[in-house]
Structure formats: C-alpha cells, structure tokens
Amino acid sequence: MKAVVLNAVNDLQVTEVQRPKVEAGSSLIKVLACGICGTDRHIYKGEYPSSKPVILGHEFGGVIEEVGPGSKFKVGQVVSIDPNIVCGTCPDCVAGRTAFCPGLTALGVNINGGIAEYVLTPDTQIYPVKDGLNPLHLAFIEPLACSIRGMDLAQLKGGESVAVLGGGVIGLLVVQLAKLAGAREIVLVTRQKFRRDVALKIGATRVVDPKSEDVSEVVSGMDVTFECAGAVDTFKQSQVITRRGGSVIVLGLTAADTNLEINPFSVVVNELRIQGSFLNPLTQGRAAELVGSGKLNLDILISKVVDLAGVQAVLDAPPAEGDIKYIVCP
Ligand SMILES: [Zn+2]
Ligand SMILES: [Zn+2]
C-alpha cells in the first residue's frame, strides 16, 4: 500500500509499505479522509515529539476493510478513529483523565496513522458514524473532539460572552459549539478576512481584525476566551480581554519550547482561570454523533483536498491566505 512516511525531521516520503495484517482486537481501515493540522506541521518540523519513521495522520476515518476474529465491527462499516490509545487501567485513565495516561500512544504520532491507503487500528479506537455521512467530514471528528473538550472545560451554561482568538479549524469549530451552547455574544479575532467572513456565517456575532484594531481596546470583559491560535500575542491578549473571574481556555499549541512572561499579581487579583485543554479524552463518540447530526457547517471549512502525493507541498508551505482545512484522500 502507499503511505506518507516521516523518516526524519523535514524528511517526508510517499512510499510503498507493507499493508498491515489484522489481529484479534484490531481492524484494518481503508482511509477515506484524513485531515492535516498544525500538529502535523509541528511534527514535520521537529517541534512536537514523534516516532520516526512513522506514517503521519491522526484526524481520519474510513471504511472497515478487514476485522479480527470475534470482532463486533463489520466489513464495510464507515467509522471514525480516536487516534489516542490509552491503557484504560492506570489511575489517570480510571479517573477519566485519559489524555494523561503515561502509556498514551497516538496513531499518526507514535505509531502509523491515517495518511496512507490503510491503517491498522485497535478496536477500542473505533467509533461508527451515521450512514451516508460525507466522507470528508470524517476528518473533522478528531479536531471537533478536542474542541468539545475545551467546551467541557469552559462550562458554558448559556448567555455568556465568548471570545475566540484564532480563525483556524479549532477556532471556527469552537465558534459553532459556543453558538450551540447558547452564548449570547461570540467575538472571533483573526487576521484573515476570509476567516472572519466565514465566522460571521457560522455563528460569530462580531469579528475583529487584530491588524487594524487594538484587540484589548475593542474586546473586553469576556466571560470565556478560547485561545485557539497557539501564539504568544494571543495568549497575552486572552488574559487582558477576559473579565475578572473569567476563564481562558487554551487550545492553541505553540512550539514546545515557547515561553513568555506572565503577571502573577494579575492572575490573583482577577481570579483569572487559565485552563489548558489537551486532546480529546472521552469526547470522540460525542464528536462523531455531532458531525453525524448535521448541526455543524463543515463544508465551509474545507479548503483543499489532496492525494498522498500532495501532502509534502501542504506541509512545506504555511497555510495559504484564506485556507482553513486541508484534507487528504488517499
Ligand atoms: Zn490534529
Ligand atoms: Zn492509562
């Protein structure tokens, strides 16, 4: 089978590899769609740890090609895959904090993932989706599961003011989730006009261009701010625009060695809650159901669909102006 293999930092290859063999407790998935995200870029550039060589791709789904003996799944079923494999028995797993499992291994990071024609997947990671789902929507289920984790941590009850910093896929999914959660005001801050226009179509009540407006002047007193850009500037802004006693939910991923100054006095006197949100602990099933419900506008987020040979070019260049989500269809 063909696959995109990361041999070393900045060294990617479309190559022929052996198709994996199914064993008890696993299934072979024929990949229909796999998203490429910022994490893949970080891995490619060596800014996020991964095994090498490894087949990239952690945002994928497909159709079951082969099942192991005694499997509860059926050949031909269309499924979404939770890429994060955990032990299920350690204290963190038992407490539901599966993202912290010391044994966590991820498809597309530590073991072979979905930017390939086929991928071997443990049955524990498989979530069937609704019949007739647009296969491209499979690529959104994992990022949506991560966004739902952020929403869970934000504890929106309805009626809040919400700021979203960053207009990438996560930011634009959070806008839609905040709308579904009943936020009264949703302000999206992003430099790209195309993304601001998309945000207004899918639930943002206001958009701000940080190039032409001072964010900390025109956005203030937000109940909850979602930092979805993974940048130092937006991380700083998030603490200024959030009301006293409010929450900053940090979903954006910076490079692992990025540091910045923080003002502890301000954190104390403003009772600011700065809450990281990591991975998709126990949210993949909800994300698969929500995508199947058709309540989200996902088509508007798809910028380009490439084949395996097109992956290198996508990872070599920063996302083009106006582009939101790239999807690989092997
Ligand atoms: Zn991702
Ligand atoms: Zn565990």
Side-chain angles (χ1 to χ4, degrees), residues 4 6 12 31 33-45 47-51 54-62 80-116 119 121-122 124-125 127 136-150 166-174 177 226-230 250-256 276-284 287-288 291 298 301-304 306 311 314-315 318-319 323-328:
V4 173
L6 180 73
L12 210 62
V31 179
C34 181
I36 298 179
C37 81
T39 305
D40 297 306
R41 292 174 188 281
H42 284 303
I43 293 171
Y44 177 55
K45 291 188 214 151
E47 296 166 347
Y48 189 93
S50 83
S51 307
V54 71
I55 299 172
L56 291 179
H58 58 274
E59 304 178 349
F60 66 96
S80 147
I81 307 300
D82 176 357
N84 299 307
I85 304 165
V86 297
C87 77
T89 55
C90 73
D92 279 318
C93 280
V94 168
R97 300 184 296 258
T98 54
F100 307 144
C101 176
L104 190 143
T105 46
L107 295 158
V109 182
N110 317 105
I111 55 175
N112 288 337
I115 306 186
V119 54
T121 305
T124 50
Q125 308 309 112
Y127 292 83
L136 294 179
H137 292 184
L138 291 166
F140 289 95
I141 295 175
E142 192 270 351
L144 180 66
C146 296
S147 307
I148 289 176
R149 171 63 176 168
V169 174
I170 297 291
L172 293 170
L173 289 173
V174 167
L177 290 172
F226 291 91
E227 199 292 308
C228 303
V250 186
L251 280 149
L253 197 62
T254 62
S277 176
F278 185 48
L279 303 181
N280 56 345
L282 311 177
T283 54
Q284 188 83 7
V291 165
L298 301 174
L301 307 180
I302 300 172
S303 307
K304 198 195 274 183
V306 300
V311 172
V314 167
L315 287 176
D323 282 0
I324 299 169
K325 190 66 180 168
Y326 296 116
I327 297 176
V328 187

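In listed order, ligands and their atoms are each counted from 1.
Side chain of Arg149 to backbone of Leu282: no donor-acceptor contact under 3.5 angstrom is found. Under the 3.5 Å distance criterion, the side-chain polar atoms of Ser277 are left unmatched by any main-chain donor or acceptor of Val250. Between the side chain of Asn112 and the backbone N or O of Ile55 there is at least one donor-acceptor pair closer than 3.5 Å. Between the Lys325 side chain and the Ile36 main chain, a donor and an acceptor come within less than 3.5 Å of each other.
Rounded to 10°, the angle that SG of Cys90 and SG of Cys93 form at the Zn ion (ligand 2) is 110°. If you put the vertex on the Zn ion (ligand 2), SG of Cys101 and SG of Cys87 sit 100° apart, to the nearest 10°.
Among the backbone and side-chain atoms of Cys146, none of the N, O or S atoms lies under 2.8 Å from the Zn ion (ligand 1).
The atom name of the N/O/S atom in Glu59 closest to the Zn ion (ligand 1) is OE2.
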